[in-house]
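What follows is a set of notes on a single structure, which appears directly below.
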Number of protein chains: 2
Amino acid sequence: MLPPPKEPVAIDELREEWASLDITERVAAFERLPRDAAAVFFQGLSTPEQAELVLAMPQGERYLWLRLLAPDDQADLLQQVDPEERAGLLELLDGTTRKEVTALLAYQEDEAGGLMSPRFARVRPDMTVEEAISYLRRQSRHLETIYYVYVLDPSQRLLGVVSFRELLSAPAGRPVSSIMKEDVITVPESLDQEAVAHLFRQHAVIALPVVDENGRMQGIVTSDDIVDVLQEEATEDIQKIGGMEALDTPYLRTSLLEMVRKRGGWLTFLFFGGSLTASAMGYFEDELSKAVVLALFLPLIIASGGNAGAQATTLVIRAMALGEVGMGDWWRVVRREFVSGVALGLLLASVAMAWVVVWELLLHLYGEHFLRVGMTVAASLVGVVTWGTLAGSTLPFFLRRLGLDPASASAPFVATLVDVVGVVIYFTVARWVLSGTLL
Amino acid sequence: MLPPPKEPVAIDELREEWASLDITERVAAFERLPRDAAAVFFQGLSTPEQAELVLAMPQGERYLWLRLLAPDDQADLLQQVDPEERAGLLELLDGTTRKEVTALLAYQEDEAGGLMSPRFARVRPDMTVEEAISYLRRQSRHLETIYYVYVLDPSQRLLGVVSFRELLSAPAGRPVSSIMKEDVITVPESLDQEAVAHLFRQHAVIALPVVDENGRMQGIVTSDDIVDVLQEEATEDIQKIGGMEALDTPYLRTSLLEMVRKRGGWLTFLFFGGSLTASAMGYFEDELSKAVVLALFLPLIIASGGNAGAQATTLVIRAMALGEVGMGDWWRVVRREFVSGVALGLLLASVAMAWVVVWELLLHLYGEHFLRVGMTVAASLVGVVTWGTLAGSTLPFFLRRLGLDPASASAPFVATLVDVVGVVIYFTVARWVLSGTLL
């Protein structure tokens with residue numbers, strides 16, 4: 001007797017539950033999707049999820065799902081799995097596809113070559129429009145897109161491009177070479193994916209051709225791949241700005257151990273940074289014990305510097321990622337941020353001064369020297385906020401010059417840097433302004 | 001005699017210089033581009049830049065550049081200009097386009113209707129494949145893309161979709177209705193652009209159809225528009241996470257006044273938040289004056305809580321924006337973050353304890369009660385880091401429940417919240433541990 005049939009699962013329901021299922025539950029639930037829904041669902045998964053799912057399936061089924069993907073997506077999936085598993089999966093593909101995928105595996109996942117599909121529409125320049133259309137019509141089943149048609153010479157060098165739409169509306173007897181656009185924007189095969197995304201934004205196109213160093217066309221990158229790249233890159237930057245290593249997996253799918261590792265490293269580093277603040281304060285222990293009122297304002301003042309620094313570093317990191325600001329702009333940025341920093345410092349200084357005066361008049365909180373205390377706080381704020389702004393805006397340039405990721409100039413990192421100097425600024429100002437009175 | 005001809009400008013050179021030019025210089029430089037390069041350059045500009053440039057041109061030239069854009073981009077441009085100017089620019093368009101653009105202007109810029117193009121490829125279900133192809137061939141000049149062909153009934157209701165590639169490889173005599181896919185993913189016209197982007201990511205498509213509430217097709221959104229949307233949304237979130245209002249313009253193009261306004265508001269708000277920390281410390285002034293050594297560790301401890309909070313809030317904000325975490329997951333997230341927080345707190349506590357012991361043994365920095373001081377610091381760190389992690393992870397949920405943007409739970413905001421409670425935790429622990437010795 002057959003076992004009772006399992007109830008089918010709805011695709012929307014599975015999407016909602018997916019993140020909270022472990023891999024065994026995922027396979028079980030996936031098997032219960034109707035076959036056509038399963039195909040849609042599988043293609044909508046992220047590459048690491050696809051890889052995990054395929055590997056957890058019985059050998060006989062793997063082929064079915066792997067074959068659903070375009071060669072570039074197959075290559076991405078294979079890049080996620082262990083080398084031993086990889087060979088087994090490659091065996092599942094037919095000869096032509098295996099060759100394509102193997103070629104793609106030679107590229108880094110985050111460069112243009114790793115994003116591209118080799119299945120683009122190509123024609124020869126001497127074909128007529130009509131010949132090109134009927135040729136493409138026969139080929140179209142095997143192509144990723146026929147949106148753009150690339151005109152190549154016999155050695156695969158890219159001569160021009162024509163959109164299929166233009167081909168359709170051109171006179172049938174004209175040679176393709178007479179209607180193609182020769183001034184083509186191309187992507188070098190080893191260009192970083194962030195730079196590729198930048199080209200897509202700049203030109204608002206659906207696809208771009210990838211060429212090797214000899215101008216031979218290797219494939220196309222399409223804008224749906226770029227959508228994924230942009231999300232990934234933004235997520236990485238955001239997590240780094242938050243003061244941690246970027247997670248490589250979705251939040252709820254990251255193990256607690258991995259999470260603690262990626263956060264704990266930076267927290268410990270920042271803790272040691274913060275201990276410099278403690279040392280700096282030790283140097284002013286004398287002032288502190290004479291005027292405890294100084295300690296009250298300390299967190300407020302150094303936090304203001306840290307906040308101003310967080311704003312500046314965030315702005316600069318993002319402007320760099322968008323290509324709005326390059327290394328050559330550093331001096332312009334520093335000048336802008338200096339002026340902003342002084343303005344913001346003066347703003348906070350007047351707020352603080354008003355604050356001290358109002359509370360003194362209402363509740364006599366700060367004693368007879370309240371005006372001097374207020375001046376100390378106000379003057380320190382101008383210094384600390386200006387310093388925070390400058391540190392926050394220059395650190396990303398500095399990291400980039402060192403070949404590091406500017407996004408590592410996270411809000412907490414800048415705040416820690418600013419804290420040490422903030423303590424020194426504050427107590428130095430206090431020595432000047434309060435000497436002879438409180439100190 | 002003619003004036004001497006101006007030297008032409010190279011497009012790459014202009015791209016590099018663009019951000020640093022004012023509008024008069026921009027117009028002058030733009031006029032010196034060769035005509036075809038100017039068209040490419042114009043289309044690559046952001047909408048606000050296009051609007052500014054068009055308005056700065058002589059009346060007679062405006063038409064030339066406006067006409068270069070597709071109706072959806074024209075509508076975006078018109079949405080950027082003052083209502084008085086808008087009417088004048090609309091007049092420049094031909095009748096059909098004007099009607100299309102006016103219809104698009106009724107949509108919000110950040111909803112599906114505001115992103116879509118009305119120039120999609122449409123056929124009737126009873127056309128044969130051959131008829132459809134030759135019909136589209138005649139129409140193609142006026143279409144944004146023929147990548148997907150939409151099958152509509154006489155009242156414009158969407159019946160199905162077929163890719164042009166499928167059309168080309170299908171038998172010529174079959175009716176379109178027999179090869180179309182009926183299970184179409186559609187976008188409601190008022191869907192928020194972030195949700196539209198989410199659909200594109202989920203389905204990895206080049207275009208999606210937009211329908212009104214009666215299922216009548218209104219237009220298509222293409223993935224190149226989504227690329228812009230994603231960049232915009234990520235930029236907004238990143239700037240908010242950095243503790244400021246989102247700039248609406250590129251960093252270098254934002255006036256200093258605007259910049260100070262958007263940063264100053266949050267800095268002042270955070271300053272008032274920080275003043276609560278000062279008040280909390282005032283409450284422990286007695287302890288502070290008895291044991292100044294406590295003040296030394298204070299910035300370090302509250303900064304650690306703030307850093308842990310910044311990590312947690314950043315993770316949750318991004319996971320929400322990516323749709324990985326929804327309101328229903330809050331309890332799971334809180335449990336995860338509680339465990340992470342305790343683990344991270346214990347990690348920092350052991351680092352701190354080791355630190356105090358080592359320095360005491362080397363330099364006798366902390367006096368005879370150094371073990372108790374170390375215990376105070378360690379225990380406070382566990383409390384403060386756990387609290388920071390919990391506050392950082394729940395605040396985005398809380399803001400979203402209130403209908404606010406979760407990204408406003410910025411790193412500096414969380415740090416400020418954590419500081420107040422951090423002070424209370426620290427001094428409360430100190431009272432317990434040090435009572436009878438230092439206090």
Side-chain angles (χ1 to χ4, degrees), chain A residues 44 137 140-141 146-147 165 168-169 200-204 223-224 226-227 230 234-235 238 242-244 250-251 256 259-260 263-264 267-268 270-271 274 277-278 281-282 285 288-289 292 295-297 299-300 303-304 307 310-311 314-315 318-319 324 339-340 343-344 347-348 351 411-412 419, chain B residues 44 137 140-141 146-147 165 168-169 200-204 223-224 226-227 230 234-235 238 242-244 250-251 256 259-260 263-264 267-268 270-271 274 277-278 281-282 285 288-289 292 295-297 299-300 303-304 307 310-311 314-315 318-319 324 339-340 343-344 347-348 351 411-412 419:
Chain A
R137 221 168 144 164
S140 64
R141 208 185 295 272
I146 53 163
Y147 193 87
R165 208 182 52 178
L168 279 179
S169 57
F200 270 85
R201 281 185 60 230
Q202 201 163 48
H203 300 288
S223 63
D224 53 321
I226 296 301
V227 166
L230 287 175
T235 302
I238 286 175
M244 52 183 301
Y251 172 74
L256 275 175
M259 188 93 92
V260 169
R263 291 155 74 165
L267 276 189
T268 309
L270 293 169
F271 181 83
T277 310
M281 285 183 69
E285 213 170 330
L288 262 178
S289 55
V292 175
L296 300 189
F297 286 105
L300 183 55
S304 295
N307 294 340
Q311 291 183 338
T314 310
L315 278 175
R318 187 56 181 168
E324 291 169 6
V339 178
S340 302
L344 291 168
L347 171 70
L348 286 195
V351 170
D419 280 0
Chain B
R137 224 169 143 163
S140 64
R141 206 185 295 272
I146 54 164
Y147 192 86
R165 207 181 52 178
L168 279 179
S169 58
F200 270 84
R201 282 187 58 229
Q202 201 163 46
H203 301 288
S223 63
D224 53 320
I226 296 302
V227 166
L230 287 175
T235 302
I238 287 175
M244 52 183 303
Y251 173 75
L256 276 175
M259 188 92 93
V260 169
R263 291 155 75 165
L267 277 188
T268 309
L270 293 169
F271 182 83
T277 311
M281 284 183 69
E285 212 171 328
L288 262 178
S289 54
V292 175
L296 300 189
F297 286 105
L300 183 56
S304 295
N307 294 341
Q311 291 182 339
T314 310
L315 278 174
R318 187 58 182 167
E324 291 169 7
V339 178
S340 303
L344 292 167
L347 170 70
L348 286 195
V351 171
D419 280 359

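Just so it is clear, the structure is predicted and the values come from calculations on it, not from any experiment.
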A/Ala303 portion near chain B, given a 4.5 angstrom heavy-atom threshold: side chain

Measure A/Asp419 against the heavy atoms of chain B and call it side chain, backbone, both or neither at under 4.5 Å. side chain

Most heavy-atom pairs under 4.5 angstrom with chain A, which of B/Gln311, B/Arg201, B/Met259? B/Gln311

Please look at B/Val339 and chain A and tell me whether the side chain, the backbone, both or neither of the residue comes under 4.5 angstrom of a heavy atom of that chain. side chain

Would you mind telling me which of A/Thr268, A/Leu256, A/Val351, A/Leu267 has the largest number of heavy-atom pairs within less than 4.5 Å of chain B? A/Leu267

Between B/Val227, B/Ile226, B/Thr235, B/Leu270, the one whose heavy-atom pairs under 4.5 Å with chain A are most numerous: B/Thr235

Heavy-atom closest contact (B/Pro412 atom, A/Asn307 atom, distance): CB-OD1, 3.2 Å

Contact class of B/Leu347 relative to chain A, heavy atoms under 4.5 angstrom: side chain

Closest non-hydrogen contact found for B/Asp224 with A/Ser223 is N-OG, 4.2 Å

Where do B/Leu300 and A/Thr277 land on the side-chain contact (heavy atoms from CB on, under 4.5 Å) test, with the steps shown first? CA-CA 7 Å; B/Leu300 183 56; A/Thr277 310; over 6 Å; no

Between B/Arg318, B/Glu324, B/Met281, which has the largest tally of heavy atom pairs under 4.5 Å with chain A? B/Arg318

Under a 4.5 Å cutoff for heavy-atom pairs, which residue among A/Ala234, A/Ala319, A/Ala343 has the most contacts with chain B? A/Ala234

How many angstroms lie between atom CE of A/Met244 and atom CG of B/Leu315, to the nearest 0.5 angstrom? 4.0 Å

Under 4.5 Å to a heavy atom of chain B? For A/Arg165 that would be both

Okay, A/Ile238 and chain B: the region with an atom under 4.5 Å from a heavy atom over there is both

Identify which of B/Ser340, B/Ser304, B/Gly282, B/Ala411 forms the greatest number of heavy-atom pairs closer than 4.5 Å to chain A. B/Ser340

